[in-house]
Amino acid sequence: MTIATGNYKLRVNDLRKTFGSLVALEGASIDVKEGEFLTLLGPSGSGKTTLLLAIAGLNDPDSGAIWIDGRLTTYLPPFKRDIGMVFQNYALFPHMTVFDNIAFPLRMRRGAEREIKDSVNRVLDIIQLPDIAQRYPRQLSGGQQQRVALARALVYEPSIVLMDEPLGALDKKLRDQLQLEIKQLHAKLNIAVLYVTHDQEEALVMSDRICLMRDGRIEQLGTPDELYFSPRTVFAADFLGESNLLSGRVTARDANEAAVRLDDGTELRGVIQEGIVEGERVRVMVRPESIALLNGGEAPENVVEADLENAIMTGGTIKCFFRTGSGLQLSARTLTGGPLAARKVASGKQRPGKQRLGWSRERTVVLKDA
Amino acid sequence: MRELRAAAPADTLKEAGSVEPSESGGGDSALRASGRRALAAWPLLPAFIFLGIAFVYPVALLLGTSFVDSSGELSTVHYTRLYDSRVVSRVLTITFEIAAWTTVFSVIAAYPVAYLLSTVRGSTRNTLIIWVLMPFWTSFLVRTFAWMVLLGRNGAVNQFLDILGIVDPPTFIYNFSGVMIGMVHALMPLCVLTMLSVMESIDHNLSRAASTLGARPGQAFWRVYFPLSVPGVAAGALLVFITALGFFITPALLGSERETVIVQLIIFQIKDMLNWGFAGAIAVFLLIVALIIFFIYDRLVGLSTLSGGSARAETNAKSNFIGWVGRRLGGLFIEVMARGSDLIGQGMERAFPQRPDKPRRKGGRAAIWATALLVIVFLAVPAFFIIPVSFTEAQFLSWPPRGFSLQWYESVLSNPVWVEAGLRSLLIAISAGGLGMLFGVPAAFYIARKARFKTAMIGFLVSPIIMPNIIIAVSLFYLYARLGLVGTDLGLVIGHTVLAVPYVVVTMIAVLKHYDERLDHAAYTLGANKARTFVHVTFPLMRAGMVAAFMFAFIISFDELTIALFVTGGQVTTLPKKMWDDALLQVSPTLAAVAAMVLVFMTIVILVSELVRRRGVQVQ
Ligand SMILES: Nc1ncnc2c1ncn2[C@@H]1O[C@H](COP(=O)(O)OP(=O)(O)OP(=O)(O)O)[C@@H](O)[C@H]1O
Ligand SMILES: [Mg+2]
C-alpha cells in the first residue's frame, strides 16, 4: 500500500487523537523529507509527545494516516515501522552492556553476529565512545548515556529517527554541546529526524524546519527564520523569542503592506498578511533587537521618540525599556558594546533621557488580534 | 492499607543497605567518638535487650538440648536418629514437595497480578491492593475454614460442578490439592507484594523502547521486562518457600495423613513424646536448611535483592560457581522463551495479518486483566462463604446453608470458654502491640536516621519473623517450663511481642523513609526544643504510620496460633487456639459463627485504621 510520496521519509495526514473528552491532537499534518531535521515545538500539553508516539506506533490515533518511507503504517505495531526512537530518560536496558544495548535492534532483525559486531563498533566510533562497549548504562555519565541511546536508534539505519526531549535531563552546558553533536551527526549521516522540545532556543539552533504546536493543533510550520521574523499569529510571535506586541487598528493596506494607528495615536508601517481588512483591530510585532537607537543620519520607516526608563545588562546585550510621551511602552535590545546611553544607564551613571528609536517596515509584522 | 503494605520486608529494607561513611579521626579522638556513638545508640537498647532475652537466649537453649542425650551427656544421638528415621525422611520429602509446589504456583499466579498493579494508577490500584491483601488480613483459621466449606464433599464447589453436570467430581480436600489451594491462597499475597515493589521500579518505557527497536511483544517481555523483574520473582519465591516450610495449620486441616509436615513432627515429639532433644534436632535441621537456602539464593541472585537492590552482575565460574551455572541456565531459559514466543508471534501475524489502516485489537491487555481478576477473586472471595454458613439451621456444615438461625451465635456468646478466649486474645494483642511499639519505635527512629550497619541491625530485628515460628514457640516453651511461665498471660504477651517488634520496626522504617526531617530542623530553628518538636511536629505527622504499625502488630498477635499452642500449656486458651482445638475435632456451624465474627471484627479494625491513615494523609 504505497502512494507517491516523493522522497518524504514521513508523512502525517490530518491526525486526530482524543483521550476521553480531551482532544490531544487535531488536524495534524506534517512531512519530513530525506535528511531533514524537523522540530515539534510548543508549550507543555500542546500534543507534541502524543504526535510523536502516534508516529512511533505507541498510541493509536482516532483518525488520520501515517506513511513512513512511503508505506502506510497508521496502525501497524511499533516493531514493524522501521523507526528509531530516543526517549527523554534514554530507556537504555539496565541489565545489558552498552554493546548488547546497541546490538539489540540488530539481533531483533536477525543479523549475523559478525556483522552486528562490526556495526556496533562503527557506531561507537561515530559517537566517539569506542571504549565503553562492555560497560553497563549505570556506569556512564548522563551525556554518555544520551550518546549511547542515540547510537542504538541509529545503528540499524531506520527511515526516520524520533526524539522526545532527548536533552531535557541534562544541564545547560552539556545540552549546548550535545545539540551541536546531534546536529553534526545528522548532517554526516543525512538522516531524517523528528525532534521534540519545548526549548525554543534549541529548536532554533537545530532545526531545518519548526512545527509550532498549540492545544493539539499546528500553529505554524516553517523555517526558523520564517517563524522568528514572520510569525503568522500573536501566539507564535509571543512564544518564540521576545517581542513588542502593540495594539492598534489598520488604517490602510495594499497587497502586503499596511499602515496602522496604534491606540496611543502613533502611526506605523508594516508587513501584513491576507485576510486582514482596513479598520480591523490588530497587533503589531517588533522584535526588541530590530529597534535601533538612532543618533542622527538614518531614516527607517518607523520612528518614535521616547524616554529611556530603565536598562538591564544581561551579558552580551543590554535590554532597554522606553516610554513615549503618549504612553507607548517599548523594549529594545542593543549590544553591550554599542550605544553609550543605554550602557551608562545600566551601570547607573546617567539619568534616563530622550532618545529617537527606529526600525524598518520589513521587521514590523501586523497580526490579527487574537 | 498502603502503610501496612509498605511493611513487607522486601519493600522496606530498600534503602537500608546504605551505610553512612564513618568520620575519620586519629587514635584518642576516634575512641571517644565511637564511645559517644555507642551512647547515642540508646534507642536501640530496649529492642535489643528484649530480643536477646526472649528470643536469642531461648532459641540457643533449645538448640543446645539437641546435642545432649537423655542422661545429660553430650551426644549426637538425636542427629543419628534424625538421619536413620524413615518417618523423618518421608515427612521431610513431603514438606519440601509442598513448599516447592506452593512456591511455583504462587509465583506464577502472582506475576500477572503484580504486573497489572504496577501499571494501573490511583484509586483502581488502591482498591485492587485491598482485595489482594484480603487473605493477608483475615485470620489463617478463618480462611482455612472457608476452604472447608467450599471444598468439602457437599461443599459449594462440588455443588456448582454438579449443576454443570459433572457427576463424579474430583475431591479437592483432605489431599495434596487441598493443601495446595490453602497454602497458595495464604502465601500468594506475600509474593504479589514482593514482586510489586520490584516491578514498580521498572521503567515501562523500556518495553516500549524495545518495541520501537523491532522487538515483538514476546521478545520485549522475555529479554527486557522479565530479566528486570527477576529480583522480585526470586525474593517472592524465597519468602514463600521459607514461610511454607514452617506451615502446619493448612496441611493439618486441608490435607490427609500423607501430608504430615515437619512442624507437625516437632509438635508431636514435644506434646506426645516429650522428647525435647529430638525436637531440638529437627528444629536445628530446619534452621540449617533455611540457611542453606539463603546461601544458595545469595549465590544465585544476591541477598541484596531482598532489600530492593539489584541482582548479582555477571560472575565467573571460579569465584561463584552456583551463580555462574544459574546465569547460564537462566540465559538459556530466556533465550528459549524469547525465541518460542517470537515464533508464536510470527505465526499469529501470518494467520491474522496486521492491517495498517485498522486499529489492532488489544488482546494482550484484556488477557492480563482477566487473569489478574480471576486470581484476585480466588484471593478475596472465599472468606465470605463463612458468613452465610454461620446462619444455618442445620447441625452440620453444609452448602447451601439451610434456613436462617442465630442459634450458633447465641451458643458462642453464651459459652464462657469462647468469651474468655476472645477477651484474652484481645487483651494480649493490645499488650503485645503496645510493647512492640515501645521497643520498636525508638529502634526504628534510630535506624532510619542515624545508624551505621543498618542492614545488619534490621536483619537482627526482623529475624524472629524470618525464622519459622515453631522454633520460637518451642524455645519459649522450653524456657517457660523452667521459669513457671507456661500457661500465663505474661508468657503469651512476651511471646507475641517477639513477633510484634519486627513488624513495628519494618513498618516504621518504611514510614520514616518518607518523612522529611527538614520539618524537624525547621521547628528547631523556630525555637522548639527536641521534646516539643516531637510532640507538635513529628508525632502528628507520623500518627498514621504509628497507627498502621500498631495495627499490624495487633493483627499478628490476635491471629497467632503457633506460640499460643505451646505457651498456653493447655491451661488457658486464646481465640485461635480454641478454634484450632475445635477444628481438629470437627468444623461445626459454631466455628463458622466464631469465624464470621472474627472476620467482621478484623474488617472493622482494618477499615478504622485505614480511615485514620487517610486522615493523617490529608493533614500532610
Ligand atoms: N495517556 C493519556 N491519557 C490522558 N490524557 C493524556 C494522555 N497522554 C497525554 N494526555 C493529554 O494530552 C495532552 C497532550 O499531551 P502531550 O503529552 O502530547 O503534551 P506535550 O506537548 O508532550 O507536553 P510536554 O511538553 O509537557 O511533554 C495533555 O493535555 C495531556 O494531559
Ligand atoms: Mg511530552
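Residue numbering restarts at 1 for every chain, and letters A, B, ... go by the order of the sequence lines. Predicted model, so just to flag it, every value in this text is computed and none were measured. What you see below is based on every heavy atom in this structure, not just the backbone, and it leaves out hydrogens, waters and symmetry mates.
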Enquirer: So which part of A:L92 gets closer than 4.5 Å to some heavy atom of chain B, the side chain, the backbone, both or neither?
Expert: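 Backbone only.
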Enquirer: If you count heavy-atom pairs within less than 4.5 Å of chain A, which of B:E349, B:R216, B:Q354 leads?
Expert: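 Ranked by contacts with chain A, first place is B:R216.
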Enquirer: Quick check for you: to the nearest 0.5 Å, what is the distance between A:M108 atom CE and B:S211 atom OG?
Expert: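 Rounded to the nearest 0.5 Å, the CE-OG separation comes to 11.5 Å.
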Enquirer: Just wondering, more than 12 heavy atoms not from B:R339 lying within 6.0 Å of its CZ?
Expert: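 At most 12 heavy atoms, drawn from other residues, nucleotides or ligands, come within 6.0 Å of this atom.
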Enquirer: Are side-chain heavy atoms of B:L206 and A:H95 found at a separation under 4.5 Å?
Expert: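 No; the side chains remain at least 4.5 Å from each other.
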Enquirer: Do B:R223 and A:F104 have side-chain heavy atoms sitting under 4.5 Å apart?
Expert: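 Side chain of B:R223 against side chain of A:F104, heavy atoms only: contact under 4.5 Å found.
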Enquirer: Work out which heavy atom in A:Y156 is nearest to a heavy atom in B:T212; give both atom names and the distance.
Expert: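 Closest approach of A:Y156 to B:T212, heavy atoms only: OH-O, 3.6 Å.
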Enquirer: Against chain B, label A:N89 side chain, backbone, both or neither, depending on which of its atoms sit under 4.5 Å from a heavy atom there.
Expert: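 Only the side chain of A:N89 comes within 4.5 Å of chain B.
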Enquirer: Can you tell which part of B:Q219 gets under 4.5 Å to a heavy atom of chain A, answering side chain, backbone, both or neither?
Expert: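 Side chain only.
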Enquirer: Looking at A:K117, I'd like to know if its NZ atom is crowded, meaning that more than 12 non-hydrogen atoms belonging to other residues, nucleotides or ligands lie closer than 6.0 Å.
Expert: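 Counting other residues, nucleotides and ligands, NZ of A:K117 stays at 12 neighbours or fewer.
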Enquirer: Do B:R208 and A:M85 come within less than 4.5 Å of each other through their side chains, counting heavy atoms only?
Expert: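 Side-chain contact under 4.5 Å: no.
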Enquirer: With a 4.5 angstrom heavy-atom cut-off, which part of B:D203 approaches chain A: side chain, backbone, both or neither?
Expert: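 When you check distances to chain A, only side chain atoms of B:D203 fall under 4.5 Å.
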Enquirer: Measure the shortest side-chain to side-chain distance between A:R152 and B:L213 over non-hydrogen atoms and say whether it is less than 4.5 angstrom.
Expert: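 Counting from C-beta outward, A:R152 and B:L213 do come under 4.5 Å.
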Enquirer: What heavy-atom pair brings A:A91 and B:N205 nearest, and what distance separates the two atoms?
Expert: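 Here A:A91 and B:N205 meet closest at CB-O, 4.1 Å.
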Enquirer: If I take atom CG from residue A:L76 and atom CG from residue B:D357, how far apart are they, to the nearest 0.5 angstrom?
Expert: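 If I round to the nearest 0.5 Å, the distance is 9.0 Å.
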Enquirer: So which residue, A:A56, A:P158, A:P77, A:A65, ends up with the most heavy-atom pairs under 4.5 Å with chain B?
Expert: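 Counting heavy-atom pairs under 4.5 Å, the top option is A:P77.
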Enquirer: Heavy atoms only, distances under 4.5 angstrom: which of A:A149, A:G84, A:P94 has the most pairs with chain B? Name it, please.
Expert: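 Top option by heavy-atom pairs under 4.5 Å: A:P94.
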Enquirer: With a 4.5 angstrom heavy-atom cut-off, which part of B:A220 approaches chain A: side chain, backbone, both or neither?
Expert: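 For B:A220, no heavy atom lies under 4.5 Å from chain A.
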Enquirer: Can you tell me if CD on A:Q139 sees more than 12 non-hydrogen neighbours from other groups inside 6.0 Å?
Expert: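 Atom CD in A:Q139 is crowded, with more than 12 foreign heavy atoms closer than 6.0 Å.
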Enquirer: For A:Y90, is it the side chain, the backbone, both, or neither that has a heavy atom closer than 4.5 Å to a heavy atom of chain B?
Expert: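 A:Y90 has no heavy atom closer than 4.5 Å to chain B.
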Enquirer: Would you find more than 12 non-hydrogen atoms of other residues, nucleotides or ligands less than 6.0 Å from A:R217 atom CZ?
Expert: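 Open: at most 12 neighbouring heavy atoms sit under 6.0 Å from CZ of A:R217.
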